[in-house]
4 protein chains.
Amino acid sequence: MTSLNLRGIFPPLPTSFDRDENLLPEKIRFNIERLGRYDLAGFLILGSNGEQVMLSETEKIKAIAAAREALPEGRILLAGTGCQSTRETISLTRAAAAEGAHAVLVINPSYYKGNMNHDELVKHYFDVAEASPVPVLVYNMPANTGVDMTPRMIIAMAEHPNIIGLKESGGNVVKMGEVLGAVKTGFQVLAGGAGFLLPALATGAVGGILASANIAPGHCIEIFRAFAEGDMIHAKEMQHRIIPVNSAVTARWGVPALKAAMDHLGLYGGHVRRPLLPLREDLRKQLLELMDDRDLVFYKQNNQ
Amino acid sequence: MTSLNLRGIFPPLPTSFDRDENLLPEKIRFNIERLGRYDLAGFLILGSNGEQVMLSETEKIKAIAAAREALPEGRILLAGTGCQSTRETISLTRAAAAEGAHAVLVINPSYYKGNMNHDELVKHYFDVAEASPVPVLVYNMPANTGVDMTPRMIIAMAEHPNIIGLKESGGNVVKMGEVLGAVKTGFQVLAGGAGFLLPALATGAVGGILASANIAPGHCIEIFRAFAEGDMIHAKEMQHRIIPVNSAVTARWGVPALKAAMDHLGLYGGHVRRPLLPLREDLRKQLLELMDDRDLVFYKQNNQ
Amino acid sequence: MTSLNLRGIFPPLPTSFDRDENLLPEKIRFNIERLGRYDLAGFLILGSNGEQVMLSETEKIKAIAAAREALPEGRILLAGTGCQSTRETISLTRAAAAEGAHAVLVINPSYYKGNMNHDELVKHYFDVAEASPVPVLVYNMPANTGVDMTPRMIIAMAEHPNIIGLKESGGNVVKMGEVLGAVKTGFQVLAGGAGFLLPALATGAVGGILASANIAPGHCIEIFRAFAEGDMIHAKEMQHRIIPVNSAVTARWGVPALKAAMDHLGLYGGHVRRPLLPLREDLRKQLLELMDDRDLVFYKQNNQ
Amino acid sequence: MTSLNLRGIFPPLPTSFDRDENLLPEKIRFNIERLGRYDLAGFLILGSNGEQVMLSETEKIKAIAAAREALPEGRILLAGTGCQSTRETISLTRAAAAEGAHAVLVINPSYYKGNMNHDELVKHYFDVAEASPVPVLVYNMPANTGVDMTPRMIIAMAEHPNIIGLKESGGNVVKMGEVLGAVKTGFQVLAGGAGFLLPALATGAVGGILASANIAPGHCIEIFRAFAEGDMIHAKEMQHRIIPVNSAVTARWGVPALKAAMDHLGLYGGHVRRPLLPLREDLRKQLLELMDDRDLVFYKQNNQ
């Protein structure tokens, strides 16, 4: 079993497009270079915030390559490689490993919801883990997939030596606790949202892959550090403050809002791919007000 | 506006694979030739029963080409071309038209559920309809996508001259009625499931794209004809009888059951692509018992 | 087994309150007298539109008594007697029968959703049916209860000789068909919403208990008659027209809208009980515009 | 504003019935006396575990009176008084206060789900809080009600001086954080389930009302104390261990399992009211095995 240590905070990078929705690998690199000034554990390329389902296989590989090229020394690169079929997931996983990803994050297939039961999903993850040259993280994201993998499924998956962790984006802290109480030592749970980072850490998560880490990396890191140092009061206060902005760039308005916030902060947000539409101007104003309102530690252009 | 007439019954063909999950275009042709002996309005290739989300773009085009090649004179070929991005949907739509599909059936993007609101989805369908050389059918399949398009959305989409109809697979007959009460004359609604074919016809649907039409084409056609001839008693009796088998090969056990039933009847069902698994042996027995139990008009090898 | 014939249209009466939310039995009588001029099969008192869950047991019995008193000769009185416990349901059922209800409509208990499985619900209905002096109708209303009883449950319930039918308000025509294809002859299904009256009739329903029958009794009866006479084109056209208004007084704005519409037409709508609030003035205007817009056959004060 | 301090652990008592489903006030008293030997902050009578929705108003008042009579000095008695109408909720709230409840826990009305929007629910709670002689706690329990009150609703409710807290049973720690980041100082959030006690405390909850506190009061208290003392490792380990048993007596098998576990431990569990059925014998064995399996600190007959 791998010893890849996932402790800490990872931003799930958006994928950069120009006005015509074409991929801009140089802007992916730009964002990693800027965010790399913070004490992040690494980066996720091609997660839910990465419009992965909108990219061709060629584009996916280019995006991973760009991220790997810009990755600062000592940081971990995770690549999202889950597709609807096992064979395509394996193919992309191998390509990601070849491009230098340290581990892959595999969202579950979900189109045939009625068939995505225990046997199908456990076998899918085992087949992928068998074929993958790098460690595999299970990725549960029910808000997007419409499938919520059960603790029993995750516990079964964790028995494979090449499955090293779980990104849980449903915010279900009971599930995290049930999984951690049952699996092998060393299985690592990562919070999938900044809104529940602190409670997830309290129940045993080792860190988080957080959309908000793209715009407020220092804030997310401070919650993590305060918890690690036992300063629960400060951790809680920081946790409360980030929730409204985090909700805005995730559940409420999604990727268009995340990109708008990044543009506002001097990172590259840029364009979304249709059917996503740019954030409406009135909502963009609301977002900026929300960002002004709370005393968050946002990305700063000339910092550190 | 096109005059493509969609009245009647269409089977949504499964995509044929060998034991190693490789595409078998000849088996697609085989199934079309056999089913073509029935009085079907046409065929759908690459629908939900076609494991479309599991195929590469190259495979999708091969499957459409195979279907077109085998298509009997005078029948309509529909191709499922909906992808998660507008650009990929347009690209596949154009390729399908080039291969000879008479119209395309476009399922809505659904991954970014929180963003799939009225403006995004209406613009998506308008953009596709603008770019498509052939007429477009809207495809609503909430059980798989987790997104249920509203009557208001469908009514807005129907204003585009190149959007000629709706396949509604959610079984929502109120929605069908609300749409038909509001749209232009000539907009055609197709039932997306044999379990509600008759009630859909009663509320104004012109036919259906029905998984059961792959295994009981004569039965589905008989419901359609009895309704058209005003024989509501017979139509109702035939409707009641098909429901349990239809549920088995759709909502209950899905594509693996449909393929097992086709194998049993002398058509080519064959293998599924993982994460789908072959129908468990005990369930296959239940399925065959269910098929024996009701006096359904199944596909017959040497008939007509 | 009873020979109670439920063919036709029933309005589920709202319960009448004054400004202080006190029960007004005389207004219940008034509405029945006025609506009784139409060729309705009967009336339902204490259904979902009757704010049943808001009434004390004493008030429930008074409401039933008022309805019975005003009931025109030859019409059927159904009373909604489902409560969260079996014992309270039995107690109210007996009281309703004693007040002269011809049958009871029993919504399923739903608070302990996780426990409301096959065994619990079938036993509940059997226990009630055993104890009831009058026939029992099963009432499925998932939009309010959050529990959707399965075909298998309904089919099991239908085996009891004192359970004579089902009011299905979920609009699930597949379920109706599956139930009717499996139960004893004489089991009667009633549509629970005017939006799917015609498709329900096509699949074998004998009539409907329809909120819209409080405001457009003639329109609902005309759909029923056109279907019975085989005039499917007229039936369909009438069906399409009623959907938007029906949705407004049910799923969209609910009982406050139904009462506002009744007030507008010269029936007694009156006040709702909190937490329901009176329909907001802007929505009331929208409702009246919607009522003007389509050429519906509404209740007329001086008609027939 | 009241200074009622809700810090700590409360068991939500089941309501005791005999074989004929009749209320046994003496068994309620018995359970309180036995559980009172633990360092619990108080008790909740007539919560979701109390089969409140199955009781007549007379029985509810008797149950509250029994609880008050047995309440040890210095402990807090909470009574669940939420009903479907505002008027009945106010009436029961006043009766509960008259019987000596220190505060009331008010679950939201939920039958008219489509109407249970912001205005209706905020006004409902304000009306109850105005009329209540004792402080009011908002109670959100979406698994049973099918309505999940939003942070915005809770924040609005918290502005009333007589609304002092929230029991959140949905396990939504993001909501807890968002509420606590926005409300007045002194508003108290209580976890509604032992499965997420520790993460809730981490995000700012002051304690919990926990079904498991009926059977493992010492275990729940130990999680609370370990957290208060900053021993996060021990708290987490205790948290993980309780989840499977807690799930069994709540989401998985519910009140029948909770009562079976209490019987097993020497407390009075007794009978449930139909439609609930006693825990099936095979499930009872599974439950007892589950209880043996983990090293939980269960209630002990001769302890302390």
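Letters go in sequence order (proteins before strands), and every chain restarts at 1. All values below come from the heavy atoms of this structure, side chains included, with hydrogens, waters and symmetry mates left out.
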Please test Thr93(D) against Thr81(D) for side-chain hydrogen bond (donor to acceptor under 3.5 Å, both in side chains), starting from the C-alpha separation and ending with a verdict. CA-CA 6 Å; Thr93(D) 294; Thr81(D) 59; 2.9 Å; yes

For [X], which atoms come within 4.5 Å of any heavy atom of chain C: side chain, backbone, both, or neither?
| X | answer |
| --- | --- |
| Asp119(D) | both |
| Glu57(D) | neither |
| Leu279(D) | neither |
| Ser48(D) | both |

Report yes or no: does Ser132(D) contribute a side-chain atom to a donor-acceptor pair with the main-chain N or O of Pro135(D) at less than 3.5 Å?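 Not a single qualifying donor-acceptor pair exists.
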
Glu120(D) side chain to Asn115(D) side chain, donor-acceptor N/O pair below 3.5 angstrom: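 Short answer, no.
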
Sub-4.5 Å heavy-atom contacts with chain C: which residues of residues 19-28 of chain D show up?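 Answer by number: Asp20(D), Glu21(D), Asn22(D).
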
Which one of Lys123(D), His124(D), Met141(D), Gln84(D) has the most heavy-atom pairs closer than 4.5 Å to chain C?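 So the answer, after comparing Lys123(D), His124(D), Met141(D), Gln84(D), is Gln84(D).
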
If the threshold is 4.0 Å, N to carboxylate O, is there a salt bridge linking Arg284(D) and Glu281(D)?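 Looking at Arg284(D) and Glu281(D), the cut-off is met.
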
Please evaluate residues Glu51(D) and Lys259(D) with respect to the criterion salt bridge (charged side-chain N to carboxylate O under 4.0 Å, His left out), reporting the C-alpha separation (whole Å), side-chain torsions for both, the decisive distance (0.1 Å), and the verdict. CA-CA 12 Å; Glu51(D) 298 176 64; Lys259(D) 288 191 164 178; 2.7 Å; yes

Using a cut-off of under 4.5 Å for heavy-atom pairs, which of Arg252(C), Arg280(C), Met116(C) has the most such pairs with chain D?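 The option with the most such pairs is Met116(C).
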
